[in-house]
Colleague: 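Here it is: the structure, laid out below.
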Amino acid sequence: MLWGGAFAEPSDADLRALQDSISFDKRFYKQDIIGSIAYARAIAATGILTPDESTVIESGLRQVLGEFESGAFELKDGDEDIHTAVERRLTELVGAVGGKLHTGRSRNDQVATDFRLWVLDAMSQVDAGLANLQTALIEKADQHVEMLMPGYTHLQPAQPITAGHWLMSFFWMVSRDRDRLSDAARRAAVSPLGSGALAGTPFDVDRALLAAELGFQSYTENSLDGVSDRDFVAEFLFALALIGTHLSRLAEDIIIYSNPLFGYITLNDRYSTGSSIMPQKRNADPMELARGKTGRLIGNLTGLLVVLKGLPSTYDKDLQEDKEAVFDSVDNMLLLLPVVTAIITTLHLNPDKMKAALGGDMLATDLADYLVRKGLPFRQAHHISGQAVRLAASRGVEITSLTYDDFRGLSDLFTEDVMAVFDFAASVAKRKAVGGTAPEAVRQQITNAQKWLSEHQSVQPVQLK
Ligand code: ARG
């Protein structure tokens, strides 16, 4: 126990069960030990440790690290959290000098430091998973630049699009997700170490050097803020929740498109599942999990914000509730990303099904555009095209089955070339302005996406020295 001096009695067992965090914060062992090594050097530079003591502490800490890494580390009864456990073991190994390590430091600046280092590492792993997903999306899109499929708004057939365009829409969502991670990483890479419990350290610790040793970009300017700021946690949880939201929307498309009523997509055997009773079933379970797990990703963000909102300055034990939410979101994201990526890579698109689902009425906008090209204001053109839809519906057909005379009856701006409007490939080819669905524009989009990928700086794991 690190703090028993003023207490006549040991903690109650139920209290320990409530407040010990070792069961989950042991995931910080590496960050905690590396942080302590850097801290030992920093206080040695002030003269609090002799060079010999500093060396003894550093090699003791490296031994503790080795024990964690080999699985030999044994938890003991008094180990309430990772910081306590490491210091306890260090002191067993090197003797009383281990007790000098905590001079001027508090678990408050220590845990904030550990967590930031851990979050930066996790951000880089999530970022790498997203980069793989982007590559898979580009490759799949590139193979289907020309393939026609129905595009939807309100899940109602809207206009023909190309399958490559549909796939690339997710590339750009993921590119923003990765930008967001980079941006959040910039703010997470700020060292709170040397903030002490709340008021700063009374020893002349070189915080800038300490920050640099740990791979941080800078250090916090205010110790009160330094120990209690969890913005970096909230931002990461938000980034994860929004990544989940994007994956969930992709999942929803895939679930719908793989339904036999649509049949646009066939999922690979390795990434779909059957039913124990209905032999014909091919379920998109992993996509349903992407959709379902997004619920907990959003819940974890909400939970943390609620924890933070009423806290008085500075550290409060409530802040111990910040970790499991992040572990849960990161673990689930790292389970999801490789499977979602593999699903994209192995997805089979069925051009015949997509084509068969293209209804002639999906060219009603093109019919209006035809009249616009003849000089009619779009509002009137829209109205006339709507009348064509209505006329066709009254006969139980689509506008593509109307005759030239039918069109003449609606407007004398129609000439014989109107029949050329009813060509799905021509419809998408017209949408060739940047960002449009025309194969030509999608090819340009893919080139731009490849450029984005080659220029984007991934989030780097912290290099602990
Ligand atoms: N386990 C604690 C946490 O995660 C470490 C900080 C403890 N600080 C304190 N003043 N009790 O927040």
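Remember, it's 1-based here, ligands and their atoms both numbered in the order they're listed.
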Colleague: Can Arg105 be said to sit on top of Tyr39's aromatic six-ring, NZ or CZ under 6.0 Å from centre and within 45° of the ring axis?
Modeller: yes

Colleague: So which heavy atom in the protein is nearest atom 11 (N) of ligand 1, and how far is it from that ligand atom?
Modeller: Arg107 NH2, 3.8 Å

Colleague: Side chain or backbone of Lys323 under 4.0 Å from ligand 1, or both, or neither, by non-hydrogen atoms?
Modeller: side chain

Colleague: Looking only at the aromatic ring of each residue, does the gap between the centers of Phe232 and Phe115 stay below 6.0 angstrom?
Modeller: yes

Colleague: Starting from atom 12 (O) of ligand 1, what is the nearest protein heavy atom, named by residue and atom, and what distance separates them?
Modeller: Tyr315 OH, 2.4 Å

Colleague: Which ligand 1 atoms does Ser21 reach within 4.0 Å, using its non-hydrogen atoms?
Modeller: 1 (N)

Colleague: Is any N or O atom of Gln320, backbone or side chain, closer than 3.5 Å to an N or O atom of ligand 1?
Modeller: yes

Colleague: Between Asn108, Asp114, Thr84, Leu198, which one has a non-hydrogen atom sitting closest to atom 10 (N) of ligand 1?
Modeller: Asn108

Colleague: Taking the six-membered ring of Phe216 (Phe, Tyr or Trp), confirm whether the NZ or CZ of Arg116 is under 6.0 Å from its centre and within 45° of its axis.
Modeller: no

Colleague: For Trp118 together with Tyr29, are the ring centres under 6.0 Å from each other?
Modeller: no

Colleague: Taking the six-membered ring for Trp, are Phe262 and Tyr257 parallel (under 30°), tilted (30 to 60°) or perpendicular (over 60°)?
Modeller: tilted

